[in-house]
Amino acid sequence: MRNQLYIDGKWTAPVQGRMFDVINPATEEVIQQVGAGTAEDIDAAVSAARRAFDTGEWPRLRGAERATYLRAIAAGIRARQAEIALLEVRDNGKPLPEADWDIGDAAGCFEFYANLAEQFDNGAEEAITLPDPRFTSKVVKEPVGVAAAIIPWNYPLLMAAWKVAPALAAGCTVVLKPSELTPLTALELAAIADNVGLPAGVLNIVTGLGGEAGQPLAEHPGVDKLAFTGSVPTGSKIMAAAARDIKKVSLELGGKSPFLIFEDADIEQAVEWIMFGIFWNQGQVCSATSRVLVQERLYAPLLERLIAETRKIKIGGGEGKGVLLGPLVSQRQYELVTRAITVAKDAGANVVIGGNRPKNLEKGYFLEPTILTDVPLDSAAWTEEIFGPVVCIRPFSAEDDAVRLANDSRFGLAAAVMSKDGARADRVAAALRAGIVWINCSQPTFTEAPWGGYKQSGIGRELGRWGFENYLETKQITKYGTDERWGWYIKS
């Protein structure tokens, strides 16, 4: 495992020589120390990325040539998938099958954008028809420049791939700052990129604390584009930093996503998707469908089945066989989530199951999967992101009421609807104010489809061709193509 910074194609110690602990959330033990980068290291990384973009070969390669590197990175990830997945478990806490899925998706992300890089060779220019035949014009797509990527801890390698892969495919150079809670697989990505011979300065990775590394990166004048995934308050600060230099910015922020389940839905399917929508990754998912609205006639039997199935979830360290719920990522996150449950109870919510540390797990940041009912609509549990395995469930009477309750949020990342009536499902999906809407499911995510939200859930889209376009500038080139004098000032 690596513990240094990766800058300008070299492993280097932080300028100030400081390190910080990486903790296994299942055991509360320090598993490694890594470099604590600061403003000096960020400046070195941005300078390296700047040189690689301004004078290096990377943005001047054909897309097919860049694709070769991206496919090699994907192959490097796949060759070490089991090893990297296990490292993700120990760093983040998620169950091993989830981590293995994530690492495979990360490799797939590099492969997808390798394909787009190849296609870009035929689509980088577009001729424009003009009304004046003396002129010709074309639009050229070019890489935006140096991209700064700041990622969260819930999907460490996958979130890195979501930003690094399209940026590299487009011809940008990158400075990546992973979360201080989960930096280890980002450093393995650097090792893989180094091993495939990615040119120096094209990808730089600086580990460190948010205020000491993330903030200097967001504020650095040498950065052309900021891409951030995380909380709304931090996203607001990122946006303010971008505003000072008028940087391009894309933000994928929080959510409080609703799941509308109508009375004709299959109970077993509904229970399965409710659980997948909130207990996957310990509920530490920005798109988690944490507000479940169930039509009145189905509410009681569905709640009974949901409680029964939730009791069966095996909780433990992510390496354990059959474990479906691991620990929360950190002591602070554990305290935030348990505090949110206490506040919900004080506001009048009823904890029908969960809400406590499992009795057989004295170490680790473990929390039982939790279901809240009778949650007041104006309480924080209903309106604010908890980011843990906590779901609020309430009945509704009519379709219009459900849509109104679903849309009554400052967030708009995702939403889901379940009904056997296809016309109703489509109608409700159209009415939901969210960037992602699932019908008869919750949380499936595909690299090919756009990802991002309405309202305070963010700006811009990741994944698909939309994620690629995040890292491109549009240039107009217009040519006067005749020997005829213009003759506005100088008369012939």
Novice: Measure the spacing between CG of Leu86 and CZ of Arg80 and express it to the nearest 0.5 Å.
Specialist: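 Result: 12.0 Å between the selected atoms.
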
Novice: Looking at NZ of Lys247 and CD1 of Ile238, how far apart are the two atoms once the value is rounded to the nearest 0.5 Å?
Specialist: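 Atom-to-atom, Lys247:NZ and Ile238:CD1 are 10.0 Å apart.
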
Novice: According to side-chain hydrogen bond (donor to acceptor under 3.5 Å, both in side chains), who are the partners of Glu88, at least two apart in sequence or on a separate chain?
Specialist: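 So Glu88 forms a side-chain hydrogen bond (donor to acceptor under 3.5 Å, both in side chains) with Thr185.
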
Novice: Under the rule for ring-ring contact (aromatic ring centres under 6.0 Å, His included), what residues qualify as partners of Trp11, not counting sequence neighbours?
Specialist: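 Per chain and number, Trp11 pairs via ring-ring contact (aromatic ring centres under 6.0 Å, His included) with Tyr6.
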
Novice: If we count only N and O atoms by modelled type, under 3.5 Å, do the side chains of Gln33 and Asn3 hold a donor and an acceptor together?
Specialist: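 Per modelled atom types, Gln33 and Asn3 side chains form no pair under 3.5 Å.
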
Novice: Counting heavy atoms not belonging to Lys363, are there more than 12 under 6.0 Å from its NZ?
Specialist: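 Open.
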
Novice: Spell out, as yes or no, whether a donor-acceptor pair under 3.5 Å connects the side chain of Lys177 to the backbone of Gly208.
Specialist: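 Checking the backbone N and O of Gly208 against the side chain of Lys177, a donor-acceptor pair under 3.5 Å is found.
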
Novice: For Met239, does the CE atom sit with more than 12 other heavy atoms under 6.0 Å from it, leaving out its own atoms?
Specialist: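 Atom CE in Met239 is not crowded, with 12 or fewer foreign heavy atoms closer than 6.0 Å.
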
Novice: Can you classify the ring geometry of Phe276 versus Trp280 as parallel (below 30°), tilted (30 to 60°) or perpendicular (above 60°)?
Specialist: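 Aromatic pair Phe276/Trp280 classed tilted.
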
Novice: Applying side chain to side chain contact (heavy atoms under 4.5 Å, CB included), can you list everything that pairs with Asn407, at least two apart in sequence or on another chain?
Specialist: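 Applying side chain to side chain contact (heavy atoms under 4.5 Å, CB included) to Asn407 gives Val403, Leu432, Arg433.
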
Novice: Anything under 3.5 Å between a donor and an acceptor, one on a side chain of residues 323-331, the other on a protein residue two or more places apart or in another chain? List them.
Specialist:
unit_1: Ser330; atom_1: OG; unit_2: Gln333; atom_2: N; d: 3.1
unit_1: Gln331; atom_1: NE2; unit_2: Glu335; atom_2: OE2; d: 2.8

Novice: Using 30° and 60° as the class boundaries, would you call the ring planes of Trp451 and Trp162 parallel, tilted or perpendicular?
Specialist: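 Aromatic pair Trp451/Trp162 classed perpendicular.
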
Novice: Name all residues meeting the side-chain hydrogen bond (donor to acceptor under 3.5 Å, both in side chains) criterion together with Asp8; count only those two or more places apart in sequence or in a different chain, and write none if there are none.
Specialist: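 Asp8: side-chain hydrogen bond (donor to acceptor under 3.5 Å, both in side chains) contacts with Arg51.
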
Novice: Within a strict 4.5 Å, meaning less than it, do heavy atoms of the Val292 and Leu306 side chains meet?
Specialist: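 The answer is no, as the side chains (C-beta and beyond) never meet within the 4.5 Å cut-off.
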
Novice: Determine whether Ser442 and Ile274 make a side-chain contact, defined as any pair of heavy atoms from C-beta on separated by less than 4.5 Å.
Specialist: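 Sidechains of Ile274 and Ser442: no contact.
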
Novice: Test of understanding: with side-chain hydrogen bond (donor to acceptor under 3.5 Å, both in side chains), list the residues that count as partners of Gln443, not counting sequence neighbours.
Specialist: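 Checked Gln443 against side-chain hydrogen bond (donor to acceptor under 3.5 Å, both in side chains); matches are Ser287.
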
Novice: Suppose we screen for ring-ring contact (aromatic ring centres under 6.0 Å, His included). Which residues come up paired with Tyr471, at least two apart in sequence or across chains?
Specialist: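 Scan of Tyr471 (ring-ring contact (aromatic ring centres under 6.0 Å, His included), adjacent residues dropped) gives none.
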
Novice: Under the rule for ring-ring contact (aromatic ring centres under 6.0 Å, His included), what residues qualify as partners of Tyr334, not counting sequence neighbours?
Specialist: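 Applying ring-ring contact (aromatic ring centres under 6.0 Å, His included) to Tyr334 gives none.
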
Novice: Are Trp153 and Phe387 near enough that their ring centres are under 6.0 Å apart?
Specialist: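 Judged by ring-centre distance (under 6.0 Å), Trp153 and Phe387 do meet the cut-off.
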
Novice: Please list, chain by chain and in numerical order, all residues satisfying ring-ring contact (aromatic ring centres under 6.0 Å, His included) with Trp382, sequence neighbours excluded.
Specialist: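 Trp382 satisfies ring-ring contact (aromatic ring centres under 6.0 Å, His included) with no other residue.
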
Novice: According to side chain to side chain contact (heavy atoms under 4.5 Å, CB included), who are the partners of Ile7, at least two apart in sequence or on a separate chain?
Specialist: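 Only Leu5, Thr12, Asp41, Ala44, Ala45, Ala48, Asn204, Val206 meet the side chain to side chain contact (heavy atoms under 4.5 Å, CB included) criterion with Ile7.
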
Novice: Sequence neighbours left out, what pairs pass salt bridge (charged side-chain N to carboxylate O under 4.0 Å, His left out) with at least one residue falling in residues 106-119?
Specialist: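 Non-adjacent pairs meeting salt bridge (charged side-chain N to carboxylate O under 4.0 Å, His left out): Arg71-Glu118, Arg78-Glu111.
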
Novice: What residues form a side chain to side chain contact (heavy atoms under 4.5 Å, CB included) with Ala169, not counting sequence neighbours?
Specialist: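 If we apply the side chain to side chain contact (heavy atoms under 4.5 Å, CB included) test to Ala169, skipping adjacent residues, the hits are Leu70, Tyr113, Ala117, Phe468.
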
